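Keep in mind it's a predicted model, so treat the numbers as computed, not measured.
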Amino acid sequence: MPHFVDRRLNPKDKSHGNRRRFIGRVRAAVKKSVDESVRRRSIADVDKEEKVSVPTEGISEPSFRPADQGGHRERVLTGNRSFQTGDRIEKPTGGGAGGRGREGSDDGEGDDDFLFVLSREEFLDMFFEDLELPDLVKRSLKETAATKPQRMGYAATGAPANLSVARTMRNAFGRRIALRRPKTAKTREMMARIEALEALDTPSAAERKELLELRADLDRVLRLRRMIPYVDPLDVRYKHFERRPEPASAAVMFCLMDVSASMGEREKDLAKRFFVLLHLFLRQRYEKIDLVFIRHTQVASEVDEETFFHSRQTGGTVVSSALKEMQAVIEARYPPGEWNIYAAQASDGENFGGDSATCADILGNELMRLCQYFAYIEILEENESQLMNSEANGMELWRAYRGVAEDWPNFAMKRIASPPDIYPVFRELFSKKPEGV
């Protein structure tokens, strides 16, 4: 017997409110699992499908039950053949009077959580939800690879612009030979001979007979030429194209971040979301992407991703040390002629006195000439979000970077205090493509 489940957004039954609340609880549990997965996963693997579990106590829909499940009763249910009025019923061994408690398991087995798999698209939908990206940008970031048309032979149908004249004429020539279509030169010879015979004043009997035969042959030849066209629609061929993944040169993405004590878990979580979004943006344009993680306090070092996000150091903050380390890595492994270089820097804006001018000098005179794009985000406290657009309240590093942004169109800088603030960086990135991208 089939079972029908009403999944309409606005069902007409009375349980609509309960159903919507249930769906809301499950969605909240899924969103929580996705957020935890983003913190746990590496940047390169963040958009893969994910197994998500929802606690069993959160997936049951409300239902009505009789309020009185125990106590003294005097009625016997219809259809009962075991008891009569006045019989005494022993107390259940599994718990209280009519209770729904569960006994412990001897072998340690129990009820599993509700487990299912989110596809790549579903996982990205949940991830993009907090970032408040427009639908157009979401669809663009979900694309797995850029494609371009590639020649894949010929087709019998297509656009006029893709007509292959050479292949069409080759097919027509072969068809005319196979069907023995009379050639134009032979037709002209016959017509010239007929004109010569018709021009004679006193033709002989043989010439009159030849003229009649030639006229009959010419009529047959012209009829064949009309029946066997020079170019038939069956001969026409069009160039056929299929979309194939576009081979692109390699790219490297540098992630720079301050890991001093002032950068807490909230700041690092916002920075990781920023790095993940940039990585998704780059992966749709490049087949191969290397990730380089550089952390810094007063000194900088290249580390793995686990250390980058989860290790904390003490000490001062010298931002120029990270930029110098990035220069050294580029010189050692990533020549600009072979790699497209992108950089993303996250900081709370604090820097050693006087070092901000050094940072601006390194960027303006060295790094920006090598980078396709450099994005800087300054992470504010949540109670400082109203100061995001105020240039007067910027720290020394922010004011120094402002000059770099004025000189280099491929440099972007924004302040963020929450996940929805991350998108303005990428709105600028999508609207203004640097040269060479």
Measure the acute angle between the ring planes of W339 and Y334, then classify it against the limits of 30° and 60° as parallel, tilted or perpendicular.
perpendicular
Side chain to side chain donor-acceptor pair (under 3.5 Å) partners of [X], counting only residues at least two apart:
X    : value
E350 : none
T358 : none
T184 : R225
D217 : none

Rounded to the nearest 0.5 Å, how far apart are [atom1] of [X] and [atom2] of [Y]?
X    : Y    : atom1 : atom2 : result
I416 : L380 : CD1   : CG    : 8.5 Å
Y342 : L291 : OH    : CG    : 13.5 Å
L370 : Q327 : CG    : CD    : 7.5 Å
K414 : F274 : NZ    : CZ    : 11.5 Å
M253 : I289 : CE    : CD1   : 8.5 Å

Could you note down all residue pairs passing side chain to side chain donor-acceptor pair (under 3.5 Å) where residues 228-239 supplies at least one of them, sequence neighbours left out?
R175-D235
One pair to check against side chain to side chain contact (heavy atoms under 4.5 Å, CB included): R295 and M257. What are the steps and the verdict?
CA-CA 5 Å; R295 66 173 186 171; M257 186 170 66; 5.7 Å; no
Less than 4.5 Å apart, any side-chain heavy atom of [X] and any of [Y]?
X    : Y    : result
P182 : M190 : no
I330 : F254 : yes
E396 : N351 : no
F374 : L323 : yes
E378 : R415 : yes
L211 : P203 : no
L163 : V236 : yes

Residues two or more places apart in sequence or in another chain: which of them pass ring pair (Phe, Tyr, Trp, His ring centres under 6.0 Å) with Y401?
Y376, F411
Is it true that, when you exclude [X] itself, more than 12 heavy atoms of the residues, nucleotides or ligands shown sit nearer than 6.0 Å to its [atom1]?
X    : atom1 : result
R151 : CZ    : yes
F352 : CZ    : no
M191 : CE    : no

All side chain to side chain contact (heavy atoms under 4.5 Å, CB included) counterparts of A300, not counting sequence neighbours
I294, H296, S321, A322, E325
For L222, enumerate each residue passing the side chain to side chain contact (heavy atoms under 4.5 Å, CB included) test, keeping only those at least two apart in sequence or located in another chain.
T187, L218, R226
Of all heavy-atom pairs between [X] and [Y], which one has the smallest distance, and what is that distance?
X    : Y    : value
V231 : M169 : CG2-SD, 4.1 Å
G364 : M368 : N-CG, 4.5 Å
S418 : L270 : C-CD2, 3.7 Å
S356 : A400 : O-CB, 3.6 Å
A405 : M413 : CB-SD, 3.9 Å
S260 : T317 : OG-OG1, 3.5 Å

Show me the pairs that pass salt bridge (Lys or Arg N to Asp or Glu O under 4.0 Å) and involve [range], at least two apart or across chains.
range            : value
residues 351-367 : none
residues 203-212 : R193-E210
residues 327-336 : E302-R333
residues 181-192 : none

Side chain to side chain contact (heavy atoms under 4.5 Å, CB included) between W408 and L363: does it pass, once the steps are laid out?
CA-CA 10 Å; W408 294 91; L363 283 171; over 6 Å; no
Indicate yes or no: does R215 engage D219 in a salt bridge with an N to O separation below 4.0 Å.
no
Criterion side chain to side chain contact (heavy atoms under 4.5 Å, CB included) on Q372 and N410, from CA distance to verdict
CA-CA 7 Å; Q372 301 290 333; N410 55 337; 5.9 Å; no
Please determine whether side chain to side chain contact (heavy atoms under 4.5 Å, CB included) holds for the pair C359 and Q345, giving the CA-CA distance in whole Å, both sets of side-chain angles, and the decisive distance to 0.1 Å.
CA-CA 12 Å; C359 296; Q345 181 182 3; over 6 Å; no
Short side-chain to backbone donor-acceptor contact, R220 and A216, under 3.5 Å
no
